[in-house]
Amino acid sequence: MPELPEVEVVRAGLAPAVTGARIDHVEILDARSLKRHDARRGDFVGMLTGARIDSVERRGKFMWLTLSTGDALVVHLGMSGQVLLREPGVDGDRHVRIRFDVTHPQHGDLVVAFVDQRIFGSMAVDALIEQHGALVPTQVAHIALDPLDERFDDDAFVAALRHKRTGIKRALLDQTLVSGIGNIYADEALWASRLHYDRPTDRVSAAQARTVLAEARAVLRKALAEGGTSFDEQYVNVNGQAGYFAHSLNAYGRQGQACPRCGVPIVRESFMNRGSHFCPVCQRRPRGR
DNA sequence: GGGGGTTCCTGTACGC
DNA sequence: TGCGTACAGGAACCCC
């Protein structure tokens with residue numbers, strides 16, 4: 001499931017292939033993949049056809065292609081989204097929702113396929129606004145910077161986290177506080193920090209907040225270096241290849257297996273409609289929870 | 001106004 | 001074998 005490392009792998013693979021390319025043709029195979037597109041701003045196909053792709057950007061789990069028209073094509077992969085690069089005429093990918101025919105001045109013709117089994121992802125054409133000295137789509141403006149962004153303000157994060165009145169995992173998943181972290185890397189960062197997922201944020205010390213931020217950074221960087229986390233066919237890079245980080249997980253998906261630190265079996269609990277994996281010894285449950 | 005529960009969606013795994 | 005059901009979760013949305 002795409003979190004920051006997976007989206008960045010896709011962005012980095014897409015950028016050299018499509019930067020400078022012109023969008024010749026757009027085909028919508030499933031309009032549900034346009035749920036983020038505001039039709040009042042214009043027709044999706046019409047706003048893209050003929051546009052040149054100038055760059056491929058990312059903030060957190062959102063990605064966007066800046067266009068010569070001044071707009072951006074926003075991409076969110078959701079749970080199962082993929083962006084695949086294909087040779088023209090090569091069909092056969094399942095669950096293709098939107099298909100783009102592009103022409104690159106050096107690389108020639110290319111097909112960009114937006115594939116999404118569960119349709120939690122989507123695409124949209126959106127206006128760009130200036131923020132933090134950069135241009136971002138309006139629908140991405142509320143998303144915080146991610147911890148790998150050099151402009152990320154550690155002190156502000158620590159203060160905002162401790163000011164909240166919620167559990168620490170819920171806060172880590174709050175994309176307006178810090179972006180790019182999803183269920184897998186939240187569990188991993190909390191395991192590395194020896195913090196229980198339901199620890200109240202107003203009872204997290206400044207030192208602990210810095211630790212969990214540092215561990216989140218470390219796990220995101222390591223996963224990025226290994227090409228992201230793949231459990232099945234739901235996450236692949238633009239060439240359809242899986243990442244290797246699943247082999248490096250310490251807590252996520254390891255319920256019943258020994259904690260790599262203390263040997264006690266990892267526990268999985270349902271929390272926020274998803275699984276939370278933690279070591280019951282290393283990550284003590286907060287009192288009264 | 002912020003916290004937290006619900007909802008969207010489909011392929012896979014599993015039980016009967 | 002086949003059917004029904006639970007499960008996976010990012011983020012918008014809504015209610016309190």
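Values below: all heavy atoms of this structure, side chains included; hydrogens, waters and symmetry mates excluded. Chain letters run A, B, ... following the sequence lines, proteins first and then strands; every chain starts at 1.
- Phosphate proximity of dA11(C) to K61(A): present, with a side-chain N or O under 4.0 Å from OP1 or OP2.
- K164(A) comes within 4.0 angstrom of sugar-phosphate atoms only, judged by non-hydrogen atoms across all strands, and of no base.
- Taking 4.0 Å as the cut-off between side-chain N and carboxylate O, K169(A) and D187(A) count as a salt-bridged pair.
- Proximity of a side-chain donor or acceptor of R199(A) to a complementary backbone N or O of R203(A) within less than 3.5 Å is detected.
- Note on Q117(A): every side-chain N or O is 4.0 Å or more away from OP1 and OP2 of dG11(B).
- Distances shorter than 4.0 Å separate some side-chain N or O of R170(A) from OP1 or OP2 on dG5(B).
- Nucleic acid contact class of F271(A) (heavy atoms, under 4.0 Å, all strands): none.
- A distance of 6.0 Å or more separates the ring centres of F100(A) and H25(A).
- Nucleotides of DNA chain B nearest to H163(A) and R94(A) differ in position, and the one nearer the 5' end is that of H163(A).
- Residue E3(A) places its side chain closer to dG10(C) than to any other of dT10(B), dA12(C), dG10(C).
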* Asked: Under a cut-off of 3.5 Å for both distances of each Watson-Crick or G-U pair, what dot-bracket string does DNA chain B give, using [ ] for crossing pairs and | for inter-strand pairs?
  -> .|||||||||||||||
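- Nucleic acid contact class of G275(A) (heavy atoms, under 4.0 Å, all strands): sugar-phosphate only.
- Annotation: side chain to side chain donor-acceptor pair (under 3.5 Å) contacts of E269(A) (sequence neighbours excluded): Y197(A), R285(A).
- A close approach under 4.0 Å does occur between a side-chain nitrogen or oxygen of H142(A) and OP1 or OP2 of dA12(C).
- Checking S248(A) against E226(A) by side-chain atom types alone, a donor-acceptor pair falls below 3.5 Å.
- The aromatic rings of F157(A) and F152(A) sit tilted, their planes meeting at an angle between 30° and 60°.
- By the 4.0 Å N-to-carboxylate-O rule, R58(A) lies close enough to D146(A) to be salt-bridged with it.
- OP1 and OP2 of dC9(B) both lie 4.0 Å or more from every side-chain N or O belonging to H95(A).
- Listed pair R32(A) / dT10(B) meets the phosphate criterion, a side-chain N or O lying under 4.0 Å from OP1 or OP2.
- Side-chain proximity of T166(A) to the nucleotides dT10(B), dG10(C), dG3(B) is greatest for dG3(B).
- Residue R165(A) has no polar side-chain atom (N or O) positioned under 4.0 Å from OP1 or OP2 of dG2(B).
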